[in-house]
Peer 1: 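Below is a structure I'd like to ask you about.
Every number for a ligand or one of its atoms is a count from 1 in the order of the listing.
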Amino acid sequence: MSAQIIDGKEVAKSVRKSIKARIATLKEKGVTPGLATVLIGDDPASQTYVKSKVRMCEKLGLYSEAIGRPADIAQAELDEIVAQLNEAPNIHGILVQSPLPSHLDEPAVVKAIKPEKDVDGFHPYNVGLMLIGEPNVLPCTPHGIMKLLEYYDIDPAGKEAVIVGRSNIVGKPMAAILVQKAKMANATVTIAHSRSANLAEITRRADILVAAVGRPGTIDGSMIKEGAVVIDVGVNRIDDSNDPRGYRLVGDVDFDSCAARASWITPVPGGVGPLTIAMLMFNTVEAAERSISG
Ligand code: GUN
């Protein structure tokens with residue numbers, strides 16, 4: 001089998017199209033959805049992500065406020081930034097880019113964001129609602145992956161879904177969404193991780209495989225079932241002197257060997273990435289709508 005490509009750029013475009021009219025309606029009511037991004041330190045990958053988020057806000061006519069602070073910021077100062085954004089009427093969504101420098105208490109920062117402005121869906125209140133099947137906001141990357149599956153009519157119901165990676169950002173919420181008793185879910189879900197024994201045995205069971213570990217080459221063609229749907233969340237920079245940037249991006253999946261066996265596969269770049277940003281815009285618009293619906 002040779003896999004068909006899941007085109008994240010195309011799906012992200014359709015998501016953006018679906019929120020355009022909602023943004024216009026909000027503006028007619030005098031509300032411009034506003035997103036604040038908070039970037040601590042100068043990690044190049046994080047800078048790139050935040051820049052893309054700000055650029056997409058501009059493209060869609062959302063208000064954005066990009067806050068940057070040096071890596072040695074004190075916890076109290078970061079807490080104060082979040083407290084002010086919580087109260088800012090023109091800000092509907094707050095995104096503190098992860099990971100934070102190690103001296104900062106990231107879980108405390110996540111909990112300090114008002115749940116109604118938590119457009120990442122990381123606040124324990126929102127995580128709880130997601131787990132019990134009453135989602136308020138879904139984390140952007142797993143939500144985007146669900147949009148990819150929906151767009152290509154890949155129904156996880158009754159399928160074996162294996163997620164490699166147990167982060168709070170992707171792995172755990174992805175599992176929680178796929179296992180729900182809900183339309184386009186109902187999968188049998190396994191989470192594998194760095195301490196799993198016999199990873200290949202587990203991944204070979206997958207009808208739908210989601211790789212989200214942040215390590216190139218974690219999954220190769222010998223580790224997947226013929227006809228599997230392969231979703232690659234990894235965004236890894238590897239040195240490449242032929243590229244003007246000095247690096248290129250690769251996923252967690254060895255694309256060529258997996259594409260030879262899979263039925264569907266996401267490329268890197270151009271697969272999951274565009275959806276993460278599109279769903280952040282979607283979550284910000286929803287937060288703005290809720291702010292005026294009482
Ligand atoms: N770092 C990597 N992905 C994300 C994300 O979706 N949200 C935030 N806040 N930080 C990230």
Peer 1: With E289 as reference, evaluate K29, R22, K27 under the salt bridge (Lys or Arg N to Asp or Glu O under 4.0 Å) test and give the passing residue.
Peer 2: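 For E289, the salt bridge (Lys or Arg N to Asp or Glu O under 4.0 Å) test succeeds with only one of K29, R22, K27, which is R22.
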Peer 1: Tell me whether the NZ or CZ atom of K147 lies within the 45° cone about the ring axis of F282 and under 6.0 Å from its centre.
Peer 2: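 So K147 does make the cation-pi contact.
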Peer 1: I73 versus L104: any side-chain heavy-atom pair under 4.5 Å?
Peer 2: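 Heavy-atom side-chain distance check passes, below 4.5 Å.
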Peer 1: So is there a nitrogen or oxygen of T141 less than 3.5 Å from a nitrogen or oxygen in ligand 1?
Peer 2: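 No - when backbone and side-chain N and O of T141 are compared with those of ligand 1, no distance drops under 3.5 Å.
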Peer 1: Could you tell me whether V96 and ligand 1 have an N or O pair separated by under 3.5 Å?
Peer 2: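 Yes, there is a polar N/O contact under 3.5 Å.
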Peer 1: State whether the shortest distance between N or O atoms of T276 and N or O atoms of ligand 1 falls below 3.5 angstrom.
Peer 2: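 No, no N or O pair falls under 3.5 Å.
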Peer 1: Verify, without hydrogens or angle tests, whether R205 (side chain) and E160 (backbone) share a donor-acceptor contact under 3.5 angstrom.
Peer 2: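 Side chain of R205 to backbone of E160: no pair is present.
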Peer 1: If you measure from each non-hydrogen atom of L280 to ligand 1, which part falls under 4.0 Å: side chain, backbone, both or neither?
Peer 2: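 None of L280 does.
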Peer 1: Are side-chain heavy atoms of P139 and I169 found at a separation under 4.5 Å?
Peer 2: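 Of all side-chain heavy-atom pairs linking I169 with P139, none is under 4.5 Å.
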Peer 1: Give a yes/no verdict on whether any heavy atom in Y49 is under 4.0 Å from an atom of ligand 1.
Peer 2: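 The answer is no, since Y49 has no heavy atom less than 4.0 Å from ligand 1.
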Peer 1: Kindly check if the number of other-residue, nucleotide or ligand heavy atoms within 6.0 Å of CZ (R195) is above 12?
Peer 2: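 Atom CZ in R195 is not crowded, with 12 or fewer foreign heavy atoms closer than 6.0 Å.
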Peer 1: Just going by heavy-atom distances, which of P99, P142, S98 is nearest to atom 10 (N) of ligand 1?
Peer 2: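 Going through P99, P142, S98 one by one, S98 has the nearest heavy atom to atom 10 (N) of ligand 1.
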Peer 1: Between M174 and L149, is there a shared hydrophobic cluster once you connect ILVMFWY residues whose side-chain heavy atoms come closer than 4.5 Å?
Peer 2: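 Yes, one cluster joins them.
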Peer 1: Please check if the side chain of K114 supplies one atom and the backbone of N86 the other of a donor-acceptor pair under 3.5 Å.
Peer 2: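 Yes, the answer is positive, given that a donor and an acceptor are paired below the 3.5 Å cut-off.
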Peer 1: Just need the protein heavy atom nearest to atom 7 (N) of ligand 1, so name the residue and atom and give the distance.
Peer 2: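 Here the closest protein heavy atom is D120 OD1, 2.9 Å.
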Peer 1: Please write down residue, atom name and distance for the protein heavy atom closest to atom 11 (C) of ligand 1.
Peer 2: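 Among all protein heavy atoms, the one nearest atom 11 (C) of ligand 1 is Q97 NE2, 3.4 Å.
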Peer 1: May I ask you to check whether K53 has an N/O atom sitting below 3.5 Å from an N/O atom of ligand 1?
Peer 2: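 So ligand 1 has no N or O lying under 3.5 Å from an N or O of K53.
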Peer 1: Specify the protein heavy atom at minimum distance from atom 3 (N) of ligand 1: its residue, its atom name, and the distance to 0.1 Å.
Peer 2: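 The closest one turns out to be I169 CG2, 4.1 Å.
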Peer 1: List ligand 1 atoms under 4.0 Å from F122, heavy atoms only on the residue side.
Peer 2: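 Those qualifying, in numeric order: 7 (N), 8 (C), 9 (N).
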